[in-house]
Structure formats: C-alpha cells, structure tokens
Amino acid sequence: MRLEEELHELLRVRREKLEELKAKGVEPYGGRYPRTHLAAEIKENYAALEGAEVKVAGRLMARRAHGKASFGNVMDGSGQIQIYLRLGDVDPATYSLFLEDLDLGDIIGVGGTVFKTRTGEITVAVRELRLLAKCLRPLPEKWHGLKDVDLRYRQRYLDLIVNPAVRETFITRSRIIRAIREFLEERGFLEVETPMMQAVPGGAAARPFITHHNALDMDLYLRIAPELYLKRLLVGGFEKVFEINRNFRNEGISTKHNPEFTMLELYQAYADYRDMMDLTEELISTVAGRVLGTTTVTYQGVTLELSPPWRRQTMLEAVREHTGLDFNAFRGDDALARRAAREVGVEVEEGDTWGAVLNKVFEEKVEEKLIQPVFILDYPVEVSPLAKRKKDDPALTYRFELFICAREIANAFSELNDPIDQRNRFLAQQKRRQAGDEEAHMMDEDFLIALEYGMPPAGGLGIGIDRLVMLLTDAPSIRDVILFPLMRPRELA
RNA sequence: GAGCCGUUAGCUCAGCAGGUAGAGCACCUGACUUUUAAUCAGGGGGCCGCAGGUUCGAUUCCUGCACGGCUCACCA
C-alpha cells in the first residue's frame with residue numbers, strides 16, 4: 001500500500017476517520033451483532049412491530065442530515081430500511097459518530113424502536129449505534145449505480161451492493177439449481193461427483209486446459225465433460241445418477257461462452273432418448289414453474305411458452321422445412337450432399353461426409369430459426385461418437401438437442417453401450433485428430449474396458465445451466481449469470 | 001484469432017474545428033430536530049488508459065500497446 005500522503009483524498013479522509021475512531025476507543029471492526037430483524041421483516045410486519053424494540057445490521061447506503069436530527073438508509077440481505085437519529089434520543093457522542101465519523105458504505109448495527117414518519121416511511125428510531133466494519137473506499141454512485149461492465153465483473157461485490165437486479169439474478173440462479181436438484185431427487189436420482197482432473201479428457205468435442213501434477217509428474221486435463229465417468233457409474237450399478245458441476249473448455253469467450261461453465265449431466269439406466277425428452281420437458285417446465293411461478297417467459301422481448309409438450313422434429317425434417325433440401329435424396333452420395341449445401345450458401349470441406357454436411361446445414365440455416373422449444377432428433381453418427389445408432393438407420397443416432405431461442409439448451413442420447421462400436425467410433429475420432437482436428441475425441445481405453453463389462457442401456461442428458469439461467473432470468477450475456485466471469489487481469493488502483 | 005467501437009474526477013457522464021478541463025452524485029466546511037435522489041451557501045479533487053509521432057502547443061490529430069464492449073470465427 002502506498003504511503004498515506006499519496007492516497008487519494010477520498011481514501012485519506014476515510015483512513016483519518018478510522019484513526020480518530022480508534023483514538024476515541026471505538027473499535028472500527030466489530031464482532032457479533034445480535035440483530036433481531038431483517039429490514040424486510042420490519043416493513044412487512046409493521047402493524048405488529050410498531051413501537052417494538054428491534055436491532056438491525058447492514059450497510060449504510062444513504063445519510064440525510066438535518067442539523068440535530070438525521071436520517072439514513074441501512075441495507076441488509078433483505079433490502080433497505082430507514083433509520084432516524086435525533087439528538088436527545090441518543091447521546092451527543094452517538095449522534096456525532098453517525099454524523100461525523102461514519103461514511104456511506106460503513107457496516108453498522110442499530111437498535112431502536114419502529115415507527116412511521118409523517119411521510120409514511122417505516123423507520124427505526126435509533127437508540128444505540130455500533131460500527132461493525134469501516135468502509136475505506138467510496139461506493140459507486142447511488143443513483144446510476146455501477147454501469148462500467150468491466151468494473152461490474154471485476155468487482156462483482158460492488159455490483160451486488162449497488163445494483164439490486166444483479167442480486168436478484170443470482171438469487172434466481174441459486175433457486176433454479178436447487179429446483180433441479182429437488183426435481184431429480186424426487187425421481188430417485190443420486191447426485192455424484194466425478195473427477196475434474198482427468199488423464200484423458202472425454203465426453204465432448206472441445207479443447208481442454210492442461211495442468212500438471214507434480215508428485216506424479218504427469219499432465220492432467222481439466223475435464224470438458226463428466227460423461228465417461230458417469231457412464232462408468234452405470235456400469236457399476238448406479239442406475240440414476242446426476243452431476244451439477246463445472247466443465248472447462250479452452251475456447252473463445254463470448255456472450256454465450258465462458259471457459260468454465262456449469263453443466264447438468266444425468267444418466268438413467270434402461271431408458272432411452274425418448275425418456276430423456278419427456279424428462280427434459282418436465283424438468284425445465286417444472287423448474288420454471290417453481291422458480292418463476294409461470295412457464296411463460298420473456299427472453300429479450302420474445303415470449304416463450306415452456307409448458308409441455310414441445311415440438312419434436314428430426315434434423316432431416318427441420319433441414320427440409322427451412323432450406324427445402326431433402327438430404328434423404330443424397331443418401332450415400334457425399335459429393336451430392338456437399339454440392340447441395342454449397343447451393344444454399346453453406347461452406348463445407350471436401351472430406352465432409354453426408355452426415356457432417358447435414359449437420360453443418362442444420363447449424364447454419366436452421367438453428368437460428370428455432371425460437372419456441374423444439375427437440376431436434378436423430379443426429380448423424382459422424383457428429384455423435386457416444387450415441388447409439390438407430391436400429392433402422394445406422395447413419396443416424398438416437399440423439400436430440402433441445403433448442404430455445406436459437407440456443408442449444410440440452411443435448412441427449414441413447415447411450416452407446418456396445419464396446420466394439422464405441423471402439424470403432426473412437427478410432428474414427430482418432431483419425432480426425434491425426435488430421436488436425438484438436439477437438440476430436442481421444443481414445444479412452446479405460447472407458448472401453450468399463451463398457452466391455454456391460455453397461456445397461458441408458459438415456460443420458462446434458463443441460464447447460466448457465467444458458468438455462470440466462471433464459472429464465474432474461475440475461476443477454478452469460479457473464480450476467482456467472483458471478484466472476486473470466487477476465488484478463490488488470491493492474492489494481 | 002479478425003473487424004468495428006470505447007477508455008475524461010471515487011461513480012455516472014458532458015466537452016475540446018488543437019490553446020493546459022466541466023456537471024450531478026460522493027467528499028470537506030457551515031446552516032437546518034420527520035427527511036428520503038433532503039435543501040441552501042461555500043470548498044477541495046484530474047499523468048483526459050499507457051507509450052511514441054505531428055505541432056510553437058495534443059485530452060483533442062496520427063501510430064503502436066493495454067484493457068473492455070459488440071459482431072464474426074470456434075463451441076455448450
């Protein structure tokens with residue numbers, strides 16, 4: 001810390017007050033304060049509490065001095081309440097503590113009686129005042145709040161102090177996650193935790209972060225998905241498992257991507273992807289109902305109806321509906337499929353097979369049009385290395401993704417439990433890795449051994465929690481639903 | 001990774017066809033015993049993101065860099 005003389009005036013003044021307080025024998029960083037009520041409780045129960053003695057604690061957010069009587073606002077976890085000090089009701093030392101020594105932002109405890117001012121504001125008439133924590137830096141502006149998004153993310157605590165809507169968003173996030181846990185536990189799912197550090201990062205197509213274990217002298221990867229471990233648990237006999245935890249992907253940052261993000265994955269033995277569709281509909285609509293009180297939500301001005309059932313459409317149908325291209329007609333002819341894609345303006349590479357082309361056309365031409373909830377079924381096998389092939393159509397898989405507001409919200413499939421087929425899929429992925437595709441799956445021999453012991457047929461589902469929270473809180477950026485999104489470090493003031 | 005835009009007081013923002021900067025809130029001093037964006041009077045506070053260049057002179061024009069935002073690419 002710089003020398004006191006060099007401190008900014010605003011910081012210097014507060015530090016001087018701190019020293020004065022100490023000189024007066026006031027402890028500026030107090031301990032336990034036995035508060036009796038939250039601000040909101042007093043306001044909600046005024047009829048019962050009028051004239052009652054209460055103690056509240058919180059941050060001093062405003063002060064309006066009128067000579068020998070003064071008002072202030074104290075904010076606690078429930079909201080703000082007005083406090084009133086009058087010389088005579090409190091001794092001169094207490095009054096001057098409030099008026100001279102306290103600053104906006106200080107955390108205080110006050111005791112007094114509840115009353116209503118003549119303008120009708122429910123207020124605590126203070127008898128006792130205690131400083132619990134001195135605030136040495138000025139808070140952001142009281143009216144406009146903190147707008148600079150850089151500062152809001154870097155100093156999220158300030159954002160939370162001065163922007164109540166931000167606070168609400170994160171409370172809603174917590175409620176959503178709790179509702180998901182309740183929903184799954186009610187249905188017999190067991191919550192588990194699987195490794196975040198993995199020797200072979202699998203379960204998704206993504207570039208991993210690399211870290212190093214010193215004692216074992218080995219590189220490890222931060223997981224890109226828990227999938228392959230959760231499936232090992234199916235092998236082990238857990239029949240309904242879920243995990244809500246972080247995934248890490250070493251990719252770009254955008255309004256829809258943070259390098260670490262929260263994912264729900266669940267697996268249900270003896271089920272398939274149709275069961276997963278039913279479960280997904282029920283889960284999201286139930287969570288919306290429990291948390292928001294409605295299944296009709298507005299996202300960025302668009303009204304979405306989340307009550308089931310949701311539309312179900314195969315990828316082939318969706319592509320035909322939105323582009324006029326019937327990929328069934330190009331079956332077995334990769335070149336024809338590529339030509340058709342180029343005709344509608346989709347860039348494809350020479351090596352792209354029928355299924356890869358179909359997927360690209362879908363992503364570029366169809367996804368953006370999927371506003372109301374829709375399950376897109378039957379993904380090509382090339383882009384679904386962990387999903388079971390369709391019995392009657394082995395070029396496709398029993399896989400769906402859920403789209404809402406043009407965003408992929410969920411991804412699910414009937415899990416591939418044939419170890420021979422799984423090995424071949426890994427080998428195909430390996431070829432793509434060798435061809436330079438850094439996101440192709442790595443071979444996971446350990447996982448294959450597990451499959452060889454027999455994994456029950458199962459449905460698996462993944463839901464991006466951050467994106468679901470964005471949808472349900474009307475947040476335009478993923479950074480609005482992650483408390484501390486990744487930022488480049490910056491020199492501190 | 002690319003393109004566009006931004007960075008001025010603690011915060012929210014003006015401003016500058018190039019002549020060494022303003023407002024509101026916050027802060028300091030004074031007045032005020034039911035105010036609430038309290039009010040009134042006075043005052044202090046700025047490497048105008050950083051580094052170069054052009055110029056008699058740059059916060060302003062040019063270049064580079066840093067950080068951020070948006071769009072695109074990659075993805076969930």
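Just so it is clear: chains get the letters A, B, ... in the order the sequence lines come, proteins before strands, and each one is counted from 1.
Going from the P atom of B:rC4 to that of B:rC62 covers 13 Å, rounded to whole Å. B:rC70 and B:rC48 have their P atoms separated by 28 Å, given to the nearest Å. Straight-line distance between the C1' atoms of B:rC13 and B:rC61: roughly 24 Å, to the nearest whole Å. When the C1' atom is compared between B:rU33 and B:rG45, the two are found 33 Å apart, to the nearest whole Å. Comparing B:rG15 with B:rU55, their P atoms are spaced 29 Å from each other, to the whole Å. Here, B:rC40 and B:rG46 have their C1' atoms 28 Å apart, quoted to the whole Å. Comparing the C1' positions of B:rA23 and B:rA14 gives a spacing of 7 Å, expressed to the nearest Å. B:rG19 and B:rC25 have their C1' atoms separated by 31 Å, given to the nearest Å.
For A:Thr314 (side chain) and A:Asp378 (main-chain N/O), no donor-acceptor pair under 3.5 Å exists by modelled atom type. Of the possible polar contacts, one joining the A:Arg425 side chain to the A:Ala387 backbone as a donor-acceptor pair under 3.5 Å is found. The backbone N or O of A:Ile284 sits nowhere less than 3.5 Å from a side-chain atom of A:Thr286 that would complete a donor-acceptor pair.
In this structure, A:Arg154 reaches the B:rG68 phosphate: one of its side-chain N or O atoms is under 4.0 Å from OP1 or OP2. Considering only side-chain N and O atoms, A:Lys256 lies nowhere under 4.0 angstrom from the phosphate OP1 or OP2 of B:rA73. Side-chain nitrogen and oxygen atoms of A:Arg64 include at least one within less than 4.0 Å of the OP1 or OP2 phosphate oxygen of B:rA38. Proximity of A:Lys142 to the phosphate of B:rC11: no side-chain N or O atom is located under 4.0 Å from OP1 or OP2. Here A:Arg118 reaches the OP1 or OP2 of B:rU35: one of its side-chain N or O atoms lies under 4.0 Å away.
Contact annotation for A:Arg152: no contact, since no heavy-atom pair falls under 4.0 Å across all strands. Across all strands, A:Gly88 comes closer than 4.0 Å to no nucleic acid atom at all (heavy-atom distances). Using a 4.0 Å heavy-atom criterion, one finds that A:Lys17 contacts the sugar-phosphate atoms exclusively. Within the 4.0 angstrom heavy-atom criterion, no nucleotide atom of any strand lies near A:Ala225. Nucleic acid contact for A:Leu139: none, since no nucleic acid atom lies under 4.0 Å from a heavy atom of the residue. Residue-level contact check: A:Arg249 touches the bases, meaning some heavy atom is under 4.0 Å from a base atom. A:Leu87 comes within contact range of at least one nucleobase, with a heavy-atom separation under 4.0 Å. Among the atoms of the strands shown, none is found under 4.0 Å from any heavy atom of A:Asp437. The residue A:Ser70 sits apart from the nucleic acid: no heavy atom pair falls under 4.0 Å. Backbone-only contact: A:Glu408 has heavy atoms under 4.0 Å from sugar-phosphate atoms and none from a base. Within 4.0 Å (heavy atoms only), A:Asn411 reaches no atom of the nucleic acid at all. Here A:Met263 lies out of heavy-atom contact (under 4.0 Å) with every strand.
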- Using Watson-Crick or G-U wobble pairs with both distances under 3.5 Å, give me RNA chain B in dot-bracket, 5' to 3', with [ ] for crossers and | for pairs to another strand. (((((((..((((.....[..)))).(((((.......))))).....(((((..]....))))))))))))....
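At a threshold of 4.5 Å between non-hydrogen side-chain atoms, the residues A:Val361 and A:Val366 do not count as touching. Taking the side chain as every heavy atom from C-beta outward, A:Arg175 and A:Val287 never approach each other to under 4.5 Å.
Atom-to-atom distance recorded for A:Asp159:CG and A:Leu146:CG is 6.0 Å, nearest 0.5 angstrom.
Shown are A:Asp103, A:Asp106, A:Asp101; of these, the salt bridge (charged side-chain N to carboxylate O under 4.0 Å, His left out) with A:Lys17 is made only by A:Asp103. Screening A:Glu260, A:Glu193, A:Glu243 against A:Arg223 for a salt bridge (charged side-chain N to carboxylate O under 4.0 Å, His left out) leaves a single residue, A:Glu243.
Mapping A:Arg63 and A:Lys147 onto RNA chain B by nearest heavy atom places A:Lys147 closer to the 5' end of the strand. Mapping A:Leu99 and A:Gly72 onto RNA chain B by nearest heavy atom places A:Leu99 closer to the 5' end of the strand.
Distance, A:His144 NE2 to B:rC11 P: 14 Å, rounded to whole Å. Regarding A:Ile253, its CD1 atom lies at a distance of 16 Å from the C1' atom of B:rC72, rounded to whole Å. The distance between atom CG of A:Leu11 and atom C1' of B:rG44, rounded to the nearest whole Å, is 15 Å.
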Under 3.5 Å, sequence neighbours excluded: what are the donor-acceptor pairs made by side chains of residues 52-61 of chain A?
{"unit_1": "A:Lys55", "atom_1": "NZ", "unit_2": "A:Glu128", "atom_2": "OE1", "d": "3.4"}
{"unit_1": "A:Lys55", "atom_1": "NZ", "unit_2": "A:Glu128", "atom_2": "OE2", "d": "3.2"}
{"unit_1": "A:Arg59", "atom_1": "NH1", "unit_2": "A:Gly105", "atom_2": "O", "d": "2.8"}

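When distances are taken from the side chain of A:Arg488 to each of B:rA26, B:rC67, B:rC28, the shortest belongs to B:rC67.
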